[in-house]
K.L.:
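Questions regarding the structure given below will be posed in turn.
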Amino acid sequence: MSSAWLLPEHIADVLPAEARRIEELRRQWLDLARSYGFELVMPPMLEHLDSLLSGTGRDLDLKTFKLVDQLSGRTLGLRADATPQVARIDAHLLNRQGVTRLCYCGPVLHTRPSGLRATREPLQLGAEIYGHAGLEADLEVQELALDGLHAAGVRDLTIDLGDARVVRSVLAGLPLGPAELEALVTALSVKDQPTLRALSAGCPAEAREALAILPDLYGGEEVLAQAAERLPKRSQISTALGDLAWLAGHVRQAFPDVRLGFDLADMNGYAYYSGIRFAVYGRGSTDALARGGRYDEVGAVFGRNRPAVGFSLDLKGLAEVSRAARTEGAIRAPWGEAEGLRAAVRSLRRQGETVVCALPGHEHEAQEFECDRELIEVDGRWVLRAL
């Protein structure tokens, strides 16, 4: 029996109602990003593998589909993340000296889903700022992410803040191989205390104590004071804690209804982030709706190791939890060849109205669009009537 209609696991068609909502979100986010001064770029779906994976670590390599280019014989990859592509555009195609703000929106492909219900074809939207090392850029991308989620109708937002420099400072100089270091970072992220103790057994006492403390450093703003008191007195840690406090103060002022949280042991993207990182959660979501932070080394492989900060999200996932704004209903019209009817339909569409013409024989079929008006003929004129 034929199964030509079946799709691969975790790959799905997007049907009309959902597609319309996703497209509304895409337009909304890109218009908002433009209002902040971000310029839209459209990187290709396919690139040379070494370019796609530059500076991103092993995780992205495992997510990337690979194939051989029949023109050149080189290995190509289907992008699993657009951020390295945007870094390449900033470094080589634009090559500006000052600040560059870029945004993008397009599908990415993953070899494996990130969760049981996750798609392997997210529609990734993101925004990046290149060329400014100050916290002002970190704050701007966080404000854009929160403004966009508010506009999308997501409620009960929480922004979770952390900083890769805290853990990096604790781990600096420890006698651990790459595999042991990766296992330790994983144990930190999931707060696996027994594994942490086992992996750090051969480390200096100060490092062992700090690694035991880190999993407990999550919660409200009291976490920053606890970290300053209990973690090693190192300049990198002090700077990170001060930066987190500065950002928290500005976010609280701009978004008093957003809850602030801190997790100093969360090392998602350890090989990627170089400083502040954040994740935003909302009502109805089991995972972060948006993730981002600072990744200053992302452009180094392209010859321009300049400051970079940004965030990304999956519009498909966002569409499942966001509340659509109430849109004006559509207009139902009969189909006919009368000149006045055709002119009336064209005029309404030019005014931005949605006009659904009922084709002959289908006048009583349900439509996806909710029609709250209809076009009728009265005394030789075509006028609108409420339904």
K.L.:
Counting only N and O atoms by type, is there a donor-acceptor contact under 3.5 Å from the side chain of Arg112 to the main-chain atoms of Arg120?
P.N.:
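Checked: no pair found.
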
K.L.:
What pair of heavy atoms forms the shortest contact from Ser285 to Gly282, and how long is it?
P.N.:
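Here Ser285 and Gly282 meet closest at OG-O, 2.7 Å.
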
K.L.:
Salt bridge or not between Lys191 and Asp216? Use side-chain N to carboxylate O under 4.0 Å.
P.N.:
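Salt bridge between Lys191 and Asp216, a charged N being under 4.0 Å from a carboxylate O: no.
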
K.L.:
Roughly how far, to the nearest 0.5 Å, is the OG atom of Ser238 from the NZ atom of Lys233?
P.N.:
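Here the rounded value is 8.0 Å.
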
K.L.:
For a side chain to side chain contact (heavy atoms under 4.5 Å, CB included) with Leu78, tell me which candidate from Leu67, Leu49, Leu52, Val108 qualifies.
P.N.:
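Of the listed residues Leu67, Leu49, Leu52, Val108, the side chain to side chain contact (heavy atoms under 4.5 Å, CB included) partner of Leu78 is Leu67.
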
K.L.:
Taking atom CZ of Arg34 as the centre, report whether more than 12 heavy atoms of other residues, nucleotides or ligands fall under 6.0 Å from it.
P.N.:
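12 or below, so no.
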
K.L.:
Should the ring pair Phe255 and His150 be called parallel, tilted or perpendicular, given that the plane angle runs from 0 to 90° and is split at 30 and 60?
P.N.:
parallel

K.L.:
Are Arg283 and Ser322 linked by a side-chain donor-acceptor pair shorter than 3.5 Å?
P.N.:
no

K.L.:
Could you go through Val166 and Leu214, starting from their C-alpha distance and side-chain angles, then the distance that decides it, and tell me whether this counts as side chain to side chain contact (heavy atoms under 4.5 Å, CB included)?
P.N.:
CA-CA 9 Å; Val166 174; Leu214 276 169; 3.9 Å; yes

K.L.:
For the hydrophobic clusters of this structure (ILVMFWY residues joined by side-chain heavy atoms under 4.5 Å, transitively), does one cluster hold both Leu93 and Leu102?
P.N.:
yes

K.L.:
Is Val251 close to Leu146 at the side-chain level, that is, under 4.5 Å between some pair of heavy atoms?
P.N.:
yes

K.L.:
Between the side chains of Arg27 and Glu23, is the shortest nitrogen-to-carboxylate-oxygen separation below 4.0 Å, so that they form an ion pair?
P.N.:
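Salt bridge between Glu23 and Arg27, a charged N being under 4.0 Å from a carboxylate O: yes.
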
K.L.:
Hey, are the side chains of Leu387 and Asp372 touching, using non-hydrogen atoms and a 4.5 Å cut-off?
P.N.:
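The answer is no, as the side chains (C-beta and beyond) never meet within the 4.5 Å cut-off.
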
K.L.:
Do Glu128 and Tyr104 come within less than 4.5 Å of each other through their side chains, counting heavy atoms only?
P.N.:
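Counting from C-beta outward, Glu128 and Tyr104 do come under 4.5 Å.
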
K.L.:
Are a donor atom and an acceptor atom from the side chains of Tyr218 and Asp160 found within less than 3.5 Å of each other?
P.N.:
no

K.L.:
Can you find a pair of side-chain heavy atoms, one from Arg332 and one from Leu375, that are under 4.5 Å apart?
P.N.:
no

K.L.:
For Arg165, is there an ion pair with Asp243 - N to carboxylate O distance below 4.0 angstrom?
P.N.:
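Yes, Asp243 and Arg165 are salt-bridged.
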
K.L.:
Keeping the roles fixed (side chain from Ser189, backbone from Val185), state whether a donor-acceptor pair exists under 3.5 Å.
P.N.:
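The answer is yes, because a donor-acceptor pair under 3.5 Å joins these two groups.
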
K.L.:
Between Gln226 and Leu224, is there a donor-acceptor pair closer than 3.5 Å when you use the side chain of the first and the backbone of the second?
P.N.:
no

K.L.:
Any side-chain heavy-atom pair from Glu47 and Pro84 closer than 4.5 angstrom?
P.N.:
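Not in contact.
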
K.L.:
Does the Ser312 side chain pair with the main chain of Gly292, one donor and one acceptor, at a distance under 3.5 Å?
P.N.:
no

K.L.:
Tell me if a side-chain donor or acceptor on Arg349 pairs with a main-chain N or O of Val355 at a distance below 3.5 Å.
P.N.:
yes

K.L.:
Tell me if a side-chain donor or acceptor on His10 pairs with a main-chain N or O of Ala118 at a distance below 3.5 Å.
P.N.:
yes

K.L.:
Spell out, as yes or no, whether a donor-acceptor pair under 3.5 Å connects the side chain of Arg373 to the backbone of Gly329.
P.N.:
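Here the side-chain-to-backbone pair exists.
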
K.L.:
State plainly whether the residues Glu140 and Arg101 are in salt-bridge range, i.e. N to O under 4.0 Å.
P.N.:
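Salt bridge present between Glu140 and Arg101.
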
K.L.:
Indicate yes or no: at least one non-hydrogen side-chain atom of Arg294 is less than 4.5 angstrom from one of Asp163.
P.N.:
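Result no, sub-4.5 Å side-chain heavy-atom pair not found.
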
K.L.:
Measuring from atom CZ of Arg96 to atom CG of Asp90, what distance do you get when rounded to the nearest 0.5 angstrom?
P.N.:
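Taking CZ in Arg96 and CG in Asp90, the distance rounds to 8.5 Å.
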
K.L.:
Do Gln124 and Asp81 have side-chain N/O donor and acceptor atoms under 3.5 Å apart?
P.N.:
yes

K.L.:
May I ask you to decide whether Arg21 forms a salt bridge with Glu24, counting only side-chain N to carboxylate O separations under 4.0 Å?
P.N.:
yes

K.L.:
If we count only N and O atoms by modelled type, under 3.5 Å, do the side chains of Glu182 and Thr186 hold a donor and an acceptor together?
P.N.:
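Judged by distance alone, the side chains do not pair up.
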
K.L.:
Between the side chains of Arg291 and Asp314, is the shortest nitrogen-to-carboxylate-oxygen separation below 4.0 Å, so that they form an ion pair?
P.N.:
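Looking at Asp314 and Arg291, the cut-off is not met.
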
K.L.:
Determine whether Pro44 and Gln85 make a side-chain contact, defined as any pair of heavy atoms from C-beta on separated by less than 4.5 Å.
P.N.:
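Yes. Closest side-chain heavy atoms under 4.5 Å.
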
K.L.:
Quick one: are Glu377 and Leu341 in side-chain contact, heavy atoms under 4.5 Å?
P.N.:
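In short, these two side chains do not touch, never coming nearer than 4.5 Å.
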
K.L.:
Going from OG1 on Thr119 to NE2 on His110, what distance comes out if it is rounded to the nearest 0.5 angstrom?
P.N.:
9.0 Å

K.L.:
Cut-off 3.5 Å, side chains only: do Thr64 and Asp61 have a donor facing an acceptor?
P.N.:
no

K.L.:
So, does Ser35 use its side chain to make a donor-acceptor pair with the main chain of Leu32 at under 3.5 Å?
P.N.:
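Yes, the answer is positive, given that a donor and an acceptor are paired below the 3.5 Å cut-off.
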
K.L.:
Take Leu30 and Leu125, measure what side chain to side chain contact (heavy atoms under 4.5 Å, CB included) needs, and give me the verdict at the end.
P.N.:
CA-CA 9 Å; Leu30 292 180; Leu125 179 140; 4.1 Å; yes

K.L.:
Closer than 3.5 angstrom, by distance alone: can the side chain of Tyr130 be matched with the main-chain N or O of Ala87 as a donor-acceptor pair?
P.N.:
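Yes, because the side chain of Tyr130 sits within donor-acceptor range (under 3.5 Å) of the backbone of Ala87.
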
